[in-house]
Structures are given as structure tokens and as C-alpha cells.
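A, B, ... follow the sequence lines: proteins, then strands. Residue 1 opens every chain.
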Amino acid sequence: MSETSIRVRFAPSPTGMFHVGGARSALFNWALAQQQTDGRFVLRIEDTDAARNRPEWTDGIVRALSWLGISAEDPHFEGPYFQSAYAGKHRETAEALYEAGRAYYCDCTRDAVVERRGNEFRGYDGFCRDRGLEPGPGRALRFRVPEGGPTVVDDRIRGRVEFDHAAIEDFVIARGDGSPLFVLANVVDDVEMGVNEVIRGEEHLSNTPKQQLLWEALGHTPPVWAHLPVIVNEKRQKLSKRRDKVALESYQEEGYLAEAMVNYLMLLGWAPGDDREIMPWAQMVPLFDIAGVNSSSAFFDEKKLRAFNGEYIRALSAEEFAERCRPWLEGPDAPWAAEDYDPEAFRAIAPLAQSRIAVLSEIVPNVDFLFLAEPVFDEKSWNKAMKPGIGAEMLTAAAERFADEKQEWEAEALKAALEEIGTAQGLKLGKAQAPVRVAVTGRTVGLPLFESLELLGRERTVRRLRAALERLAADGAGAPAE
RNA sequence: GCCCCCAUCGUCUAGUGGCCUAGGACGCCGCCCUUUCAAGGCGGUAACGCCGGUUCGAAUCCGGUUGGGGGUACCA
């Protein structure tokens, strides 16, 4: 058996988005290439449209793949190649097909075809098949689909798929201006690059017989095909850039780890066989089997992705976790001033946050109270915690106790102190800590309180307790007592 | 309309004629742990679309049906 030479193609896009479906295709291809010592993963940028030819768009593709672990650092990676560089070969091939009688020129407009066919468009009618038109401006080149028999596509995921030639119109392979179409350029490039395996989305299944016909007309053996089921949204429709969150970059920005994304994507349509799901890439590669991929469409379930991401985050070492959080803490989007950020304090509190966040960006609301001059008050939290008879009483007692230099400033001691204050008010610790938590961090939920206070320090803690008390007094002045 | 694909818990899947009283994971619910929230532990909820065959036996094979989806460009 020959070595796998698979090709992955991406069209550059002005939005710069890299679709998660494309990511999954790339990953499946990558796994297959890595399975074999000389397996090639050929990246081709399909930029035939002059309008699509912008280097920065290509960078986005390369960067996205690289994030997933697919890059030239690995010897299986080849490219990127640019389709536009092969335009000459495409035209040559188109002409050769015409010379050989496998294609003919056609000057029909779509309207003319529709008119001939009575009402609506149902494919080209073969009007120019035998008119013997010479090449000329405005004349498209159509492939002459053989009359008899079906073309059988042997798909590694779906098995035999038959397409009757009667149902395949004589498709255009070069435009009136001579420029080649995707269907032709693709085949020519694949022949040129020695591609013998093509794994792509199901949306390409219907033009596969056309491409296979082209391969044969060119005197080559078609590659082995595999058409992946589409990835769908909750409404079971193909993920669309307009409606759905499909950009790999947006997941990256939210703080999904590449490892988790890769793991999740690999499991969309495929399973290792045992009951394991969380599995590093290196272990998946030898197990991956394209024939074992499910043929039905798969829903992209962000909830499950989140769960995977949480697992991966928790598996990180403390140092690694802190390191991975840096972009959200030290980047331009951090809500505090750079000089107020204290990496030392973050390192101390990070382990407490690690099991509490599922995506990295969530680190910010968990630790912002440490770096902001004032906590960000969540109104609901405030109203819930500052109930009459609890709020002011707890805050007053805590402020007084904490301000006392005799109060040891250490988590355990602070806990004991607050517990004592709570008991005096007839409150369990769970209730007693709430007003303090909200006064200091702004929210009812968050990191363990006493460690947080220890890190915040006596001065800032007491100041916040008093500030909350003042606000309470101001709010309560006009409010009816219950 | 025409061509093609698909069909197991809400979701991702295991399952390739008996091991299935259908397994795992996410989600959801409950309990435990607990300073809030997580994490963790324990338990629970929930599926073979339908109708016919084939067979001693069908989630697994065949036909039909219904329902989804993809494609139908001088786009890629």
C-alpha cells in the first residue's frame, strides 16, 4: 500500500474565521498522516478567486492550524501551496481536455437554458454538445459526461455511492474568460501533488463523481475518498457563520485550551472504542480509523466542550495554569491598570481558582477584587447578602474585629473570628460570611473567602467593609425597615 | 422539483445476529462533603423513529415508510 498523501484545502476568507468543521477535517487528516512514517499532510490555499488572494487571510489559516498542533514543525506537514500558482497548468489541462474531445465549448446563457427547458432551471441540457464551437470569448468549457453507466464513488465512510451519469450535467470546467473552476483546479492540483486520499466535508460528496470523472479523463487513478458528516447546530442545520459560533478563534479567545478543543473535535463522529473520552492527541493518533467515523451529522455541543476544557484546566500544574491565564490578566483587555496587577498575589490565589473555572477568561471575575480599587458590585448579590438584620450587623462587627491589630491576619484565624461573630448573631458561617464576601469581592460566589482576605490584607479589607457599611446607611435611610 | 446522504438516551457515542434487563460521557435531578461557588464521591432520569420481512433469535441483515440533512452556479 502506498503512503498516504492527503491534502487539506482551505479558501482564505475576509472574515479571517477558521471554521470548527474545517478544524475537525484537518485533525482527521493530520491523524492519518501521522500514522504513517512518510504520510504527508498537504496544505493548499485555494485562492483562485483574485478577490480571495490576501496574504493576511492565509496567515489566519496557518495560525489556526498551528494552534491545533498542525504546523511545519512536524515533518508530516507540507505547504502551504497556493492554487493561484498553478493557474497555467489548469489552463493547459482544460485545453488538453478540449483537444481530446472530452470537453466542448458552450455559449449558452443560463436564461437560454431555462427558456429551452420550459420553466425552471434543472441543469444544463447539453445544447452545445455537438455544435463543435471553437474556443472564444464568453464561451465556457464544459466537460462531456460519458453517456452510459454510473460513476461509483467508493467512500471509506459511506461505502459505495452510485451516481447515474444521466443525473450529472455537463459541468463547466473553465469560464468564458478561460479561468478554471474549482472542480478542475482541484483535480489538477491533486494529481500534481500526488494526493491519494481526500477527506473532506459531506457537502462535497455530490461533486465527487465529477472530480472522479476528471481524474479518469486525465488518465489517473482517483484518490480514496472519505466524506465527513456535517457539523450541525441545535436545529440540526449545518453550522453557519452567520447564525452560529463557528470561529475557532472565538473559542480560543474565550480561553478554551487547544488540547481540549482537539480532543473534543476528534470525538465528534468518532470514538476510540473503549469508554475513554479524555485522551491526549498522541494516544488518539494510532487508534484513529477513518472507516470508523460515524456517517450521521453531529451536533457541536459547547456544554460538553466546556466540560472537557474544565478537565484539561484541572489537569494543568499550578505553574502551567498561572502561565496560561496570563493573556487575560496581563493583556490589554484586563479590567485593571497594568501597574495594579500583582503577579505574586495571583500566583498565590491561582490554585483556588483552578478548579472553579471552565474557560480561562473566567479567571478575571474570580480575581478582579484583588487588583481593582473597588470591587465590582453585582446588584443581585448585594441585595441578597445585605438583608436587614444581617448585613449591617455582620459588617459592623467584622470591621471592628478585623481592624483590631490583635486579630491575626491569616486564613484560619480569620475564619475562626468570623465564625465567632456569626455565632454571636445566631448565624452559621454560611450565612455569616455572605455580607463580608459581597462587601469585599462584590459577589456572593467566588473563591474561598478567608484566603482571599488574607491576600487582600487588613487595610483594604477593613476599608471595603466600612465602605459597604456607608452605602448601606445611605441606601437604608429612605427604605422602610421590615 | 431532481440527485445524494443519514436515523441508538436531550447531546456525543459503544454496539457489526445471541454477551443488551442496550454500556460510557456531557447535560439534568437528588444525596454526601462544604465558609459561597466549584471540584470530588455516591445515586438517579433518559434511547434502538415507524411498518413489514429474513432468522430459532434482530439495535444489529433486507424492503418500505416517515423524518432530518447536504447538493443542485461560468462559488469554493
What is the pairing partner of [N], taking Watson-Crick or G-U wobble pairs with both distances under 3.5 Å in any strand?
N	answer
C2(B)	G71(B)
U60(B)	none
A7(B)	U66(B)
U54(B)	none

When all nucleic acid strands are considered with a 4.0 Å heavy-atom cut-off, which category describes [X]: base, sugar-phosphate, or nothing?
X	value
Ala307(A)	sugar-phosphate
Glu362(A)	nothing
Arg142(A)	sugar-phosphate
Phe182(A)	base
Gly269(A)	sugar-phosphate
Lys428(A)	nothing

Q. Tell me, which of residues 254-268 of chain A have any heavy atom that sits under 4.0 Å from an atom in RNA chain B?
A.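 Those residues are Leu267(A), Leu268(A).
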Q. Got a sec? Which of residues 435-450 of chain A come in under 4.0 Å of RNA chain B, heavy atoms?
A. Arg437(A), Thr444(A), Val445(A), Gly446(A), Leu447(A), Pro448(A), Leu449(A), Phe450(A)
From C-beta outward on [X], which listed nucleotide comes closest to its side chain: [options]?
X	options	answer
Gln237(A)	U13(B), G70(B), C26(B)	G70(B)
Gln83(A)	C74(B), U35(B), A76(B)	A76(B)
Lys415(A)	U35(B), A73(B), G69(B)	U35(B)
Asp301(A)	U13(B), U11(B), A76(B)	U11(B)
Val230(A)	G69(B), U13(B), G24(B)	G69(B)

For [N] versus [M], give the span between their [atom1] atoms, rounded off to a whole number of Å.
N	M	atom1	result
G24(B)	A47(B)	C1'	14 Å
C32(B)	A25(B)	P	22 Å
A46(B)	U13(B)	C1'	15 Å
G10(B)	C28(B)	P	16 Å

(Q) I need a per-nucleotide contact map over nucleotides 38-51 of chain B, read 5' to 3'. Cutoff is protein heavy atoms under 4.0 Å; write B for the base, S for backbone only, - otherwise. (A) BSS-----------
Would you kindly give the [atom1]-to-[atom2] distance between [X] and [N], to the nearest whole Å?
X	N	atom1	atom2	answer
Leu418(A)	U36(B)	CG	P	12 Å
Lys304(A)	C9(B)	NZ	P	14 Å
Ile168(A)	A73(B)	CD1	P	14 Å

**Q.** Partner set under side-chain contact (heavy atoms from CB on, under 4.5 Å) for Pro146(A), not counting sequence neighbours
**A.**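 Testing Pro146(A) for side-chain contact (heavy atoms from CB on, under 4.5 Å), a comparison that skips the adjacent residues, returns Arg102(A), Phe143(A), His165(A), Leu213(A).
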Q: Kindly write out the residues that satisfy side-chain contact (heavy atoms from CB on, under 4.5 Å) with Arg243(A), not counting sequence neighbours, or none if the list is empty.
A: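 With sequence neighbours excluded, Arg243(A) shows a side-chain contact (heavy atoms from CB on, under 4.5 Å) to Asn233(A), Gln237(A), Ser240(A), given in chain and number order.
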Q) Between the base of G24(B) and the side chain of Glu277(A), is there a donor-acceptor distance below 3.5 Å? A)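 Looking at the base of G24(B), it does pair with a donor or acceptor on the side chain of Glu277(A) (distance under 3.5 Å).
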(Q) Are G71(B) and His204(A) stacked, with the base six-membered ring and the side-chain ring centres under 5.5 Å apart and planes under 30°? (A) no
[X]: ring-ring contact (aromatic ring centres under 6.0 Å, His included) partners, not counting sequence neighbours:
X	value
Trp382(A)	Phe377(A)
His204(A)	Phe182(A)
Phe300(A)	Tyr251(A), Tyr264(A)

Q: Look only at the side chain of Glu410(A) and the backbone of Glu412(A), and say whether a donor-acceptor pair between them is shorter than 3.5 Å.
A: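 Indeed, once roles are kept as given, a pair shorter than 3.5 Å links the two residues.
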Pick out the pairs of N or O atoms, protein on one side and nucleotides 61-64 of chain B on the other, that lie under 3.5 Å.
none

Using distance only, find each side-chain donor-acceptor pair of residues 421-431 of chain A under 3.5 Å and give its atom names and separation, not counting sequence neighbours.
residue: Thr423(A); atom: OG1; partner: Glu419(A); partner atom: O; Å: 2.7

**Q.** Trp225(A) and Gln212(A) side chains, donor-acceptor separation under 3.5 Å
**A.**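 Per modelled atom types, Gln212(A) and Trp225(A) side chains form a pair under 3.5 Å.
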**Q.** Check: Asn263(A)/Tyr312(A) side-chain N/O donor and acceptor closer than 3.5 Å
**A.** yes
Q) Does any pair with a residue in residues 432-443 of chain A pass side chain to side chain donor-acceptor pair (under 3.5 Å), and if so which ones, sequence neighbours excluded? A)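 Output for this query lists Asp368(A)-Arg443(A), Gln433(A)-Arg437(A).
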Tabulate atom names and distances for all N/O pairs under 3.5 angstrom spanning the protein and nucleotides 2-7 of chain B.
residue: C5(B); atom: O2'; partner: Arg158(A); partner atom: NH1; Å: 2.3

Q | Steps toward salt bridge (charged side-chain N to carboxylate O under 4.0 Å, His left out) verdict (Glu254(A), Lys245(A)) | A | CA-CA 12 Å; Glu254(A) 255 186 74; Lys245(A) 187 169 149 193; 2.4 Å; yes
Q.
Nearest heavy atom decides the nucleotide; on that basis, is Phe308(A) or Cys106(A) closer to the 5' end of RNA chain B?
A.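 On the 5' side of the pair lies Phe308(A).
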Q) Please walk me through it: do Glu259(A) and Arg324(A) pass salt bridge (charged side-chain N to carboxylate O under 4.0 Å, His left out)? A) CA-CA 13 Å; Glu259(A) 304 93 298; Arg324(A) 299 265 202 141; 2.4 Å; yes
